[in-house]
Amino acid sequence: MRHPLLKVTAVMSLLLLMAFAAPGPRKKTKLYMIGDSTMANKPQQVFPETGWGMPLATFFDTAAVVVDNRAQNGRSTRTFLAENRWQPIVDALQEGDYVFIQFGHNDEAENYPDRYTPPEDYRKNLIKFVTETQRKKANPVLLTPITRRKFDKDGRQQETHVAYSKVTTEVANKYKVPLIDLDKMSRDLVQQFGVDKSLLLYLELAPGDHPNYPYGHHDNTHFTELGARKMAQLAVSQVVAQKLPILSEHLAKPTAKNAVPPATNGKDAQPTTP
């Protein structure tokens with residue numbers, strides 16, 4: 001007759017073997033976003049204003065990548081730190097996580113002393129974000145500030161963040177971290193849309209266009225839903241082009257139905273000529 005102790009030992013050994021053999025749940029990669037109102041989540045009351053961080057999550061496989069948007073309206077690098085919005089992110093960072101860092105709009109606002117940050121202080125703050133992220137074995141990504149819509153008399157989109165984009169680029173180069181030049185990419189996109197059509201990207205509303213703005217609204221800094229999605233697409237295009245680990249490997253895939261090419265003949269086909 002088998003001794004009961006031997007039976008218990010055998011069962012425990014089997015359980016231990018199963019525990020080592022069965023893979024645990026895969027850790028999701030967190031993508032933290034820190035920045036200002038151009039990136040931030042928006043409440044329903046201000047729609048169609050949309051920060052580009054809102055649609056960004058839709059571009060990733062949520063089973064592998066979780067977007068945590070901590071950007072806040074009106075914040076510069078200085079005020080984001082002063083309000084203790086950064087330290088909780090540092091404390092939560094896990095190895096392999098990402099931090100997308102996009103400031104500049106409020107740092108350069110000399111007419112708002114409560115948020116203005118001189119370029120050299122802006123540099124120091126970016127370095128703090130980068131180095132503290134790296135210490136946690138996470139991945140900082142620097143992004144130049146997205147352009148404001150500003151055309152000259154000849155219809156050329158102007159550069160609106162010269163000093164702060166320059167500093168962002170210099171910090172990225174010095175600390176050898178990925179740079180997404182949203183400033184240049186967004187300028188090119190706005191130029192492509194042109195003076196009139198680019199109004200669709202920004203919160204430029206005529207009276208009656210949206211119930212949240214019955215008297216209209218004129219804003220060449222913040223985005224509509226379309227503009228935010230276009231800006232998010234620019235960022236994702238660089239995630240792919242620069243082959244950022246994990247992120248570039250876990251993009252969302254279209255549903256089977258949407259992945260089928262549209263019909264080119266038959267009753268549902270669209271005419272190719274007028």
Side-chain angles (χ1 to χ4, degrees), residues 24-36 38-41 51-72 75-77 80-81 84-105 107 122-146 161 164-186 228 231-253:
R26 184 176 65 184
K27 173 188 172 292
K28 293 184 179 182
T29 298
K30 271 278 190 83
L31 194 173
Y32 292 94
M33 305 184 73
I34 64 171
D36 53 44
T38 60
M39 178 191 269
N41 293 332
W52 71 266
M54 297 172 71
L56 185 70
T58 65
F59 291 94
F60 294 103
D61 174 5
T62 55
V65 177
V66 177
V67 175
D68 189 341
N69 189 359
R70 303 289 183 96
Q72 289 289 321
R75 269 57 180 193
S76 62
T77 55
F80 198 88
L81 287 165
N84 196 35
R85 296 181 181 276
W86 172 238
Q87 190 58 48
I89 297 172
V90 176
D91 294 340
L93 278 174
Q94 300 291 315
E95 182 176 351
D97 285 344
Y98 276 83
V99 183
F100 276 20
I101 305 160
Q102 184 224 276
F103 288 93
H105 278 84
D107 294 85
Y122 173 75
R123 183 191 304 274
K124 292 174 185 175
N125 294 338
L126 290 186
I127 291 170
K128 179 179 176 66
F129 294 141
V130 165
T131 56
E132 291 186 357
T133 299
Q134 290 173 326
R135 283 191 206 115
K136 297 298 291 281
K137 298 184 179 179
N139 304 294
V141 178
L142 286 170
L143 302 96
T144 53
I146 290 180
H161 304 294
Y164 290 80
S165 288
K166 180 175 182 289
V167 169
T168 306
T169 302
E170 289 170 352
V171 172
N173 290 338
K174 181 175 180 179
Y175 288 85
K176 295 180 172 55
V177 300
L179 173 75
I180 297 178
D181 194 354
L182 277 186
D183 188 354
K184 183 182 185 307
M185 296 176 75
S186 59
M231 301 306 167
Q233 283 178 294
L234 294 178
V236 171
S237 74
Q238 284 301 297
V239 167
V240 174
Q242 298 186 37
K243 298 180 180 178
L244 298 186
I246 305 298
L247 299 186
S248 62
E249 300 156 17
H250 293 286
L251 298 177
K253 292 180 172 56

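The first residue of the sequence shown is numbered 1, and numbering continues consecutively from there. Fair warning: this is a prediction, and the values are worked out from it, not measured in the lab.
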Exercise. Does some side-chain heavy atom of N125 sit less than 4.5 Å from a side-chain heavy atom of L81?
Worked result: yes
Exercise. Considering all heavy atoms of both residues, which atom of H161 and which atom of P145 are nearest to each other, and what is their separation?
Worked result: CD2-O, 3.5 Å
Exercise. Any salt bridge between D36 and R75, counting N to O under 4.0 Å?
Worked result: no
Problem set entry | Side-chain heavy atoms of V141 within contact of I101, under 4.5 Å | no
Exercise. How far does CD of Q102 sit from CD1 of I34, to the nearest 0.5 angstrom?
Worked result: 10.5 Å
For this session: Would you confirm whether H105, through its side chain, and I146, through its main-chain N or O, come within 3.5 Å as a donor-acceptor pair?
Result: yes
For this session: For the pair Q134 and V177, evaluate side-chain contact (heavy atoms from CB on, under 4.5 Å) and give the outcome as yes or no after the intermediate values.
Result: CA-CA 10 Å; Q134 290 173 326; V177 300; 3.4 Å; yes
For this session: Mind checking the OG1-CG spacing from T133 to N139? Nearest 0.5 Å is all I need.
Result: 9.0 Å
Exercise. Less than 4.5 Å apart, any side-chain heavy atom of L126 and any of T77?
Worked result: yes
Problem set entry | Validation row: R85, F80 side chains within 4.5 angstrom (heavy atoms) | yes
For this session: Taking the side chain as every heavy atom from C-beta outward, state whether L244 and P178 have any atom pair closer than 4.5 Å.
Result: yes
Exercise. Do E170 and R123 meet the salt-bridge criterion of a basic N to acidic O distance under 4.0 Å?
Worked result: yes
Exercise. Roughly how far, to the nearest 0.5 Å, is OG1 of T62 from NZ of K28?
Worked result: 6.0 Å
Problem set entry | Pairing residues for K184 by the side-chain contact (heavy atoms from CB on, under 4.5 Å) criterion, not counting sequence neighbours | D181, R187, D188
Problem set entry | Partner set under ring pair (Phe, Tyr, Trp, His ring centres under 6.0 Å) for Y164, not counting sequence neighbours | Y122
Exercise. Partners of K174 by side-chain contact (heavy atoms from CB on, under 4.5 Å), sequence neighbours excluded?
Worked result: none
Problem set entry | Minimum heavy-atom distance between F59 and A232, given as atom pair plus value | CE1-CB, 3.9 Å
Problem set entry | Gap between atom CD1 of I246 and atom CG of D61 - 0.5 Å precision | 11.5 Å
Exercise. Do F100 and Y32 have their ring centres less than 6.0 Å from each other?
Worked result: no
Problem set entry | N41 side, atom CG; M54 side, atom CE - distance, nearest 0.5 Å | 5.5 Å
For this session: Work out which heavy atom in G51 is nearest to a heavy atom in P55; give both atom names and the distance.
Result: O-CD, 3.3 Å
Exercise. Which value, rounded to the nearest 0.5 Å, describes the distance between I127 atom CD1 and E132 atom CD?
Worked result: 12.0 Å
Give every donor-acceptor pair under 3.5 Å between a side-chain atom in residues 235-243 and any protein atom, sequence neighbours left out.
{"from": "S237", "atom 1": "OG", "to": "L234", "atom 2": "O", "distance (Å)": "2.6"}
{"from": "Q238", "atom 1": "OE1", "to": "Q242", "atom 2": "NE2", "distance (Å)": "3.1"}
{"from": "Q242", "atom 1": "NE2", "to": "L179", "atom 2": "O", "distance (Å)": "2.8"}

Exercise. Stepwise, does the side-chain hydrogen bond (donor to acceptor under 3.5 Å, both in side chains) test hold for T144 with D183?
Worked result: CA-CA 5 Å; T144 53; D183 188 354; 5.2 Å; no
Exercise. T168 versus L143: any side-chain heavy-atom pair under 4.5 Å?
Worked result: no
Problem set entry | Under 3.5 Å: donor-acceptor pair, side chain of N69, backbone of M39 | yes
Exercise. Does the side chain of M33 reach to within under 4.5 Å of the side chain of D68, using non-hydrogen atoms?
Worked result: no
Problem set entry | Set of ring pair (Phe, Tyr, Trp, His ring centres under 6.0 Å) partners for Y98, sequence neighbours left out | none
Problem set entry | Backbone of T29 reached by a side-chain donor or acceptor of D97 within 3.5 Å | no
Exercise. Of all residues at least two apart in sequence or in a different chain, which pass the side-chain contact (heavy atoms from CB on, under 4.5 Å) check with N84?
Worked result: Q87, P88
Exercise. Do W86 and F129 make the cut of ring centroids closer than 6.0 angstrom?
Worked result: yes
Problem set entry | Taking every non-hydrogen atom, the tightest pair across A57 and V67 | CA-CG2, 3.8 Å
Exercise. Side chains of L182 and W52: closer than 4.5 Å at any heavy-atom pair?
Worked result: yes
For this session: Flag the pair D91 and K136 as a salt bridge only when some basic side-chain nitrogen lies within less than 4.0 angstrom of an acidic carboxylate oxygen.
Result: no
